[in-house]
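Worksheet for the structure shown next.
Residue numbers start at 1 and run along the sequence shown. Keep in mind the model is a prediction, meaning the values are calculated, not measured. Values below: every heavy atom of this structure, side chains too, minus hydrogens, waters and symmetry copies.
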Amino acid sequence: MALAIETFHYRLAHPGYCAIPGAHPGQMVGSGQLFKRHELLLASPDPRRLDLRASLLDPFNNYRVKVFQQHSKIDVFVIADLSASMSIPGESSKLQIAADFLLSSAQSAFESGDNFGFIGCGHGIEKKWLFPKGLRMGRVQELARDLSRVRNGQGGNGLFHVEPYLPLRRSLIFLLSDFHFDLNRLSRLAGLFGRHAVVPLVLWDPSEYADLPEWGIVKFQDSENKRTRTLLMRPGLKRKIIEAFEQRRGRLRHWFRSKGAEPLFIEGRYEASALTNYFLQRGV
């Protein structure tokens, strides 16, 4: 029996702009319950919403009707980094976490009536990992299986060329990566944050730093250039590695916050409740 897919609730801090009714506050007027403004009866010819009090107070003796804010659909995209560092084995596979999140976010979007799409970013944007909005759950499940089976990742340059493949109107973007690249390259993602509501999800494996042994011989391999290095682990060296990761965490937080986004660090395993808490604490 297949396990039930965990879902989470999400929301945008700013109204979306879509003519199709949905579950999120929008900028369009139409069927809804939140009063927006008064309009002339000729501009909005719906006598059922006639406001007699506002009509009597109109200095030009015009009939006034109430118009309401219509809830709208939004586009939800998952952008996943498929670089080599994302596919290395560990206590928790990063791409397995990405696959679990893909299923969870897709099911959450479908339950809200939103459009869902996925873009995988390796050395470039490959057709097999490019799925514009309109994915169905059956195809998402196949995609999640393929994603969890990736063993030899590629370079992550595709992450910096993804913006042209996204819709022009404001969308909710989940950006999945371990961000194990030169952080000076983050500036190339600035356009993404300017147009869309972006949620950076930082996938880190505790075995990379926190769960290293105090003593022993440890072999490290650079996942991008395949170079290996053997080190004698000792408490002082482990402390330096942990401090380096914490400094990197601080730099990531500082850069994302400067773009109006708050990163969510996922370490160990994915839990949908963490996303729900994230959106309860702040909108995007």
- Tyr278 vs Val199, side chain to side chain contact (heavy atoms under 4.5 Å, CB included): CA-CA, chis, key distance, verdict: CA-CA 10 Å; Tyr278 175 93; Val199 179; 3.8 Å; yes
Are Leu168 and Leu166 connected in a single hydrophobic cluster, I mean Ile/Leu/Val/Met/Phe/Trp/Tyr linked by side-chain heavy atoms less than 4.5 Å apart? no
Closest heavy-atom pair, Asp182 versus Arg248, reported as atoms and distance to 0.1 Å, is N-NH2, 4.5 Å
Problem set entry | Intermediate values then yes/no, salt bridge (charged side-chain N to carboxylate O under 4.0 Å, His left out), Glu214 and Lys238 | CA-CA 7 Å; Glu214 296 281 347; Lys238 179 180 178 180; 3.7 Å; yes
Closest non-hydrogen atoms of Ala274 and Leu264, given as atom of the first, atom of the second and distance, are O-CD2, 4.3 Å
_Closer than 3.5 angstrom, by distance alone: can the side chain of Ser171 be matched with the main-chain N or O of Val76 as a donor-acceptor pair?_
no
Phe160, CZ: over 12 other non-hydrogen atoms inside 6.0 angstrom: yes
task = May I ask you to test the Ile266-Val202 pair for a side-chain heavy-atom distance under 4.5 Å?
result = no
Any ion pair linking Arg169 and Asp75 (charged N to carboxylate O, less than 4.0 Å)?
-> yes
(request) Verify the cluster assignment for Leu143 and Met137: are they in a single hydrophobic cluster under the rule of side-chain heavy atoms below 4.5 Å apart? (result) yes
Q.
Set out, in order, the CA-CA distance, both residues' side-chain angles and the distance that settles side chain to side chain contact (heavy atoms under 4.5 Å, CB included) for Tyr165 and Leu130, then state yes or no.
A. CA-CA 9 Å; Tyr165 297 91; Leu130 178 60; 3.8 Å; yes
Using the side-chain hydrogen bond (donor to acceptor under 3.5 Å, both in side chains) rule, take Asn157 and Arg188 through it: C-alpha gap first, then chi angles, then the decisive distance, then the call. CA-CA 11 Å; Asn157 290 331; Arg188 299 173 63 182; 5.3 Å; no
Sub-4.5 Å side-chain heavy-atom contact between Gln96 and Tyr270: no
For the pair Arg251 and Glu246, find out whether any cationic side-chain nitrogen is under 4.0 Å from an anionic carboxylate oxygen. no
So CD1 of Ile241 and CD of Glu208: to nearest 0.5 Å the spacing works out to 11.0 Å
Side chains of Asp46 and Ser44 only: does a donor on one sit below 3.5 Å from an acceptor on the other? no
- Task: Answer yes or no: is there a donor N or O on one side and an acceptor on the other, between the side chain of Thr7 and the main chain of Ile5, under 3.5 Å?
- Result: no
Exercise for the section: Quick one: sort the Phe174 and Phe279 rings into parallel, tilted or perpendicular, breaks at 30° and 60°. Expected result: perpendicular
Heavy-atom closest pair (Val198 atom, Pro200 atom, distance to 0.1 Å) is O-CD, 3.5 Å
Q. So, Asp51 side chain and Ala54 main chain: donor-acceptor pair closer than 3.5 Å or not?
A. yes
Query raised in the report: Is the shortest heavy-atom distance from the side chain of Phe131 to the side chain of Ile119 under 4.5 Å?
Result: no
Note: Leu102 and Phe118 closest approach over all heavy atoms is CD1-CD1, 3.7 Å
- Please confirm whether the backbone N or O of Leu232 pairs with a side-chain atom of Arg234, one donor and one acceptor, at under 3.5 Å? yes
Check the angle between the aromatic planes of Phe116 and Phe110 and answer parallel, tilted or perpendicular using the 30° and 60° thresholds. perpendicular
Has Arg249 got its NZ or CZ under 6.0 Å from the middle of the six-membered ring of Phe265, at an angle within 45 degrees of the ring axis? yes
Exercise. Should the heavy atoms of other residues, nucleotides or ligands under 6.0 Å from NZ of Lys66 be counted, would the total exceed 12?
Worked result: no
Exercise. Does the side chain of Ser55 come within less than 4.5 Å of Asn62's, by heavy atoms?
Worked result: no
Exercise. Walk me through it: do Lys240 and Glu243 pass the test salt bridge (charged side-chain N to carboxylate O under 4.0 Å, His left out)?
Key: CA-CA 5 Å; Lys240 288 182 179 180; Glu243 289 174 355; over 6 Å; no
Q) In terms of hydrophobic clusters joined by side-chain contacts under 4.5 Å, are Tyr63 and Leu57 together? A) no
Starting from the C-alpha separation in whole Å, work towards a yes-or-no answer on side-chain hydrogen bond (donor to acceptor under 3.5 Å, both in side chains) for Tyr209 and Glu267.
CA-CA 11 Å; Tyr209 66 107; Glu267 303 180 43; 2.4 Å; yes
Exactly one candidate in Asp178, Asp205, Asp81 meets side chain to side chain donor-acceptor pair (under 3.5 Å) with Lys94; the answer is Asp178
Answer with yes or no whether the hydrophobic clustering places Trp215 together with Val218; edges join I, L, V, M, F, W, Y residues whose side-chain heavy atoms lie under 4.5 Å apart. no
Same apolar cluster: Val67 and Leu50, side chain cutoff 4.5 Å:
no
Output for pair (Arg49 CZ, His38 NE2), nearest 0.5 Å, gives 11.5 Å
With a 4.5 Å limit on heavy-atom distance, are the side chains of Leu175 and Leu201 in contact? no
side-chain hydrogen bond (donor to acceptor under 3.5 Å, both in side chains) filter on Gln141, not counting sequence neighbours, yields none
### Task
Decide side chain to side chain contact (heavy atoms under 4.5 Å, CB included) for Phe181 and Ser83; before the verdict, give the C-alpha distance in whole Å, the side-chain angles of both, and the deciding distance to 0.1 Å.
CA-CA 10 Å; Phe181 50 74; Ser83 61; over 6 Å; no
* When you look at Tyr10 and Ser108, which way does the side-chain hydrogen bond (donor to acceptor under 3.5 Å, both in side chains) test go after all the steps? -> CA-CA 8 Å; Tyr10 57 88; Ser108 301; over 6 Å; no
task = Just do the side chain to side chain contact (heavy atoms under 4.5 Å, CB included) check on Leu186 and Leu252 with the steps written out, would you?
result = CA-CA 9 Å; Leu186 282 173; Leu252 285 169; 4.0 Å; yes
Exercise for the section: Return yes if some donor-acceptor pair links the side-chain N/O of Ser148 with the main-chain N/O of Arg145 below 3.5 Å, else return no. Expected result: yes
Looking only at heavy atoms, the pair that brings Asp114 and Lys73 closest together is OD1-CA, 3.6 Å
Output for pair (Arg53 CZ, Asp58 CG), nearest 0.5 Å, gives 13.0 Å
**Message:** Looking at Phe101, is its backbone amide N or carbonyl O close enough to the side chain of Ser104 to form a donor-acceptor pair, meaning the two atoms are under 3.5 Å apart?
**Reply:** no
Item to complete: Might you work through the side-chain hydrogen bond (donor to acceptor under 3.5 Å, both in side chains) test for Glu163 and His196, ending with a clear yes or no?
Response: CA-CA 10 Å; Glu163 190 175 353; His196 302 287; 5.8 Å; no
Val65 and Leu40 have their tightest heavy-atom pair at CG2-O, 4.0 Å
